[in-house]
Amino acid sequence: HVYNHKDGYETFSSWKRVWTSNGKSEPSLKAFMADQQLPYWVQCTKADCGKWRQLSKETHLSAALASSYRCGMKLNSVKVEGSDACSQPEDVRVAGVTDSWWLSMLILPPLFKDSPASPFLSSYYPDCVGMSPSASPSNQPPGLNTHTTVPGLSPYFQPFYQPNECGKALCVRPDMMELDELYEFPEFSRDPTMYLALRNLVLAAWSRDCKEVLTLQKCTPHVVVRGLVRVRCVQELDRVLYFMSRKGLINTGALQIKWPLLPESQHNKVLVIGAGAAGLAAARQLQNFGMQVVVLEARERIGGRVWDDASLGVTVGCGAQIVNGCVNNPIALMCEQLGLRMHTLGVRCELIQEGGRVTDPALDKRMDFHFNAVLDAVSEWRKDKSQSQDAPLGEKIQEVYKTFLQESGLQFTDLEEKVLHFHLSNLEYACGSTLDQVQHVDYSGEGVTVTSRCGSRWSAQKVLVTVPLALLQKNVIGFSPPLPDRKLKAIHSLGVGVIEKVALQFPTRFWDSKIQGADYFGHIPPCPEKRGLFSVFYDMSPQGEECVLMTVVTGEALSLLRDLQDSQVVDLCMSVLRELFQEQEVPDPLRFLVTHWSTDSWAQMSYSFVKTGGSGEAYDIIAEDVQGKLFFAGEATNRHFPQTVTGAYLSGVREASKIAAL
């Protein structure tokens, strides 16, 4: 077929209609040439070759062709006989592409076709997120979708913000570089299009398959763009994969790694003190990077404040148990990788009064609304206050509450007051408020030496401390030289919260008729002093056969248990249950367990909280490394996700990234 000017004009016109269909992208002859006319370049996949070859103008590059291409391959995929095709020299233009100046000479940034990120980003203008508007025109104008569903993808995996969306954890703006990305790739600050196209491709590919290591070989075939710029894109892709692996954005969690992700780091040795969530996360990351890692733990078990007990016939989390916020949560990622199912907690929670009456849900909803309104008012008051003007949260809530009653003229009944105290107890729940007994960390020399009480010594280039905040506050571990005053002040400005749990196994599910399959039910406290005493009971097997309830003790109610034996704590708990289920015979428990985190030598706490006069900045200060040799991780070092296993885990990943970067 012989092409003439008319053919060319019609081709350009049809391309222009598609290119401008989203109402934003500007057509130009240069864009047309880059998107439609330039030839594709592809790399030979033969292990001992790897040369780049130019395809004919009529040949369209697909991921399948890119992943199987060999030098001399014909259009119908029949290989040329003989091996001399690979011996042909590479086009001299390819070498120039790898020079640093080449990037600055680009007239137009590359826009990918058929990127794995495309289904995630249908709400964006394609060329703003590194994709070609001609590749997959949308029937709907960009900007209208608030959430994009990708078939077959876990609903917990949402790596990208949608337009006008904010406040979602651990996701990125697909049309904008993050600060740490700009720091790592300053050459893309003027025009980030190539970087965004590569980063979005990598994140989407990882979200689609998180069970295997994401490699350059897996990603490269999906870089579909015309011209020699594809050579540069693949070169930069290697750097992007390296960066994202180091940051723990991909190739993380419960992965089987066959070879080091960051091979050049294998000569470094790191000591990790503490085998809780933070320590194990960091150790796993560092080992996967290729480093030598030794974990020191004081207990006879790993997990720290994550400790499950199966003695009652069903798994009870003596420590952490509930995943708060599953979207983009590393715990959800690991469940996906390991094929573990998470049970979604329902929203229904019957509030039962002592005496057995179930509270009207409308009353609970009304008091929940008032409670949250009071919290909002306290939050507004705190915004412009200095630390010296701070007040205890409980006192301030009471003050705002009294003011509200005076100004509104409302009067709450005795029952409504008790329901309000139930919600206060939940707030107190939210604040929790072989280390071989390591005694000393000496980082005065070139490296770091850790000494245990029995005299054992370990040396490394770096050490990561992940012990609970309470142990740092009580100087259980000594440091030479002493920690900086700024860090010590931050350590002591946070509070150590405690929650204790009681689990009871019964011969029958006596609560079923009243609770009707809900995951938990609430206990309205008879008086303010008892508001944290067994305030919520969790059914540990709501749809199953097991007969186990677990409850918590928080806040000032903990003082009521301080001098009691476990059997006396259970008796107290049983008296509450018999009040809540007065209409029936409540059997004695067959077995029980009671936790003792406050007196646990290697925990002495459940999780941290900001004390009166303190600041969230303390979390950041505790997280700072000292002299590039001494690092800190744990829930009390994570300002954005404190008090959680998620926060501890992410802090371990964060410190592993810092250690690898150094």
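These numbers come from the heavy atoms of this one structure, side chains and all, not from hydrogens, waters or symmetry mates.
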Problem - side-chain contact (heavy atoms from CB on, under 4.5 Å) between Val553 and Phe534, intermediate numbers included - result: CA-CA 5 Å; Val553 184; Phe534 317 125; 3.5 Å; yes

Practice task
Apply the test side-chain contact (heavy atoms from CB on, under 4.5 Å) to residues Ile322 and Leu345: give CA-CA distance (whole Å), side-chain angles for both, the deciding distance (0.1 Å), then the verdict.
Solution key: CA-CA 9 Å; Ile322 297 170; Leu345 291 174; 4.0 Å; yes

Handout entry: Phe479 and Val465: CA distance, side-chain angles, deciding distance, side-chain contact (heavy atoms from CB on, under 4.5 Å) verdict
Key = CA-CA 11 Å; Phe479 294 91; Val465 179; 4.1 Å; yes

Problem - Residues Glu635, Arg305; criterion salt bridge (Lys or Arg N to Asp or Glu O under 4.0 Å); working and verdict - result: CA-CA 11 Å; Glu635 59 86 16; Arg305 285 167 280 175; 3.6 Å; yes

Exercise for the section: Would you sort out whether Ser651 and Asn638 count as a side chain to side chain donor-acceptor pair (under 3.5 Å), showing the intermediate values? Expected result: CA-CA 6 Å; Ser651 74; Asn638 194 323; 5.4 Å; no

Exercise for the section: In sequence, state the C-alpha distance, the side-chain angles, and the governing distance for Leu558 and Ser598, and then conclude on side-chain contact (heavy atoms from CB on, under 4.5 Å). Expected result: CA-CA 10 Å; Leu558 286 162; Ser598 62; over 6 Å; no

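The shortest distance between side-chain heavy atoms of Ile477 and Ile273 falls below 4.5 Å. Residues Thr466 and Thr637 fail the side-chain proximity criterion, which asks for heavy atoms closer than 4.5 Å. By the 4.5 Å heavy-atom criterion applied to side chains, Phe157 and Cys210 are counted as neighbours. At least one side-chain heavy atom of Met342 sits less than 4.5 Å from a side-chain heavy atom of Cys326. Considering only heavy atoms from C-beta on, Ile257 comes within 4.5 Å of Val213 through its side chain. Annotation: side chain of Val502 is not in contact with side chain of Val552 (no heavy-atom distance under 4.5 Å). Between Leu504 and Arg591, the closest side-chain pair of non-hydrogen atoms is not below 4.5 Å. Counting heavy atoms from C-beta on, the side chains of Trp511 and Asp539 come closer than 4.5 Å.
Atom CH2 of Trp307 sits in a sparse spot, with 12 or fewer heavy atoms from other residues, nucleotides or ligands closer than 6.0 Å. Taking a 6.0 Å sphere around CZ of Arg457, one finds it holds 12 or fewer heavy atoms contributed by other residues, nucleotides or ligands. Heavy atoms of other residues, nucleotides or ligands lying less than 6.0 angstrom from CD1 of Ile302 number 12 at most.
Atom CD of Gln285 sits about 9.0 Å away from atom CG of Asn251, to the nearest 0.5 Å. Once rounded to the nearest 0.5 Å, the distance linking OG1 of Thr508 with CG of Leu590 reads 9.0 Å. Going from atom CG of Leu549 over to atom CZ of Phe506 covers 5.5 Å, rounded to the nearest 0.5 Å. Here the straight-line distance linking atom CD1 of Ile622 with atom CG of Leu472 works out to 7.5 Å at 0.5 Å rounding. With rounding to the nearest 0.5 angstrom, the CD atom of Gln287 is 11.5 Å from the CG atom of Leu280. Between atom CG of residue Asn324 and atom CD1 of residue Ile331 there is a gap of 11.0 Å, rounded to the nearest 0.5 Å.
Asp309 contributes no side-chain N or O that, together with a main-chain N or O of Cys318, makes up a donor-acceptor pair within less than 3.5 Å. Using a distance-only test at 3.5 Å, with no hydrogens or angles considered, a donor-acceptor pair links the side chain of Thr551 to the main chain of Val536. Between the Thr644 side chain and the Phe641 main chain, a donor and an acceptor come within less than 3.5 Å of each other. At least one donor-acceptor pair under 3.5 Å links the side chain of Ser452 to the backbone N or O of Ser456. In this structure, the side chain of Lys487 engages the main chain of Ile621 through a donor-acceptor pair within 3.5 Å. Gln584 contributes a side-chain N or O that, together with a main-chain N or O of Phe510, makes up a donor-acceptor pair within less than 3.5 Å. Checked by atom type and distance alone, the side chain of His440 never pairs as donor or acceptor with a backbone atom of Thr451 at under 3.5 Å. Distance alone, capped at 3.5 Å, is enough to place a donor-acceptor pair between the Lys501 side chain and the Gly319 backbone. For Gln473 (side chain) and Ile491 (main-chain N/O), a donor-acceptor pair under 3.5 Å exists by modelled atom type. In this structure, the side chain of Ser535 does not engage the main chain of Gly532 through any donor-acceptor pair within 3.5 Å.
Ring-centre distance between Phe581 and Phe521: below the 6.0 Å cut-off. Centroid-to-centroid, the aromatic rings of Phe537 and Tyr520 stay 6.0 Å apart or farther.
Closest approach of Ala648 to Ala277, counting heavy atoms only: CB-CB, 4.0 Å.
Cation-pi geometry between Lys658 and Phe631 is not met at under 6.0 angstrom from the ring centre and within 45 degrees of the axis.
A salt bridge links Asp588 with Arg578: the closest approach of a Lys/Arg side-chain nitrogen to an acidic carboxylate oxygen falls below 4.0 angstrom. Salt bridge Glu583/Lys514: present, at least one basic N to carboxylate O contact under 4.0 Å. Using a 4.0 Å cut-off between charged side-chain N and carboxylate O, Glu546 and Arg509 make no salt bridge.
In the model, Thr252 has no side-chain atom that pairs as donor or acceptor with a side-chain atom of Arg284 under 3.5 Å.
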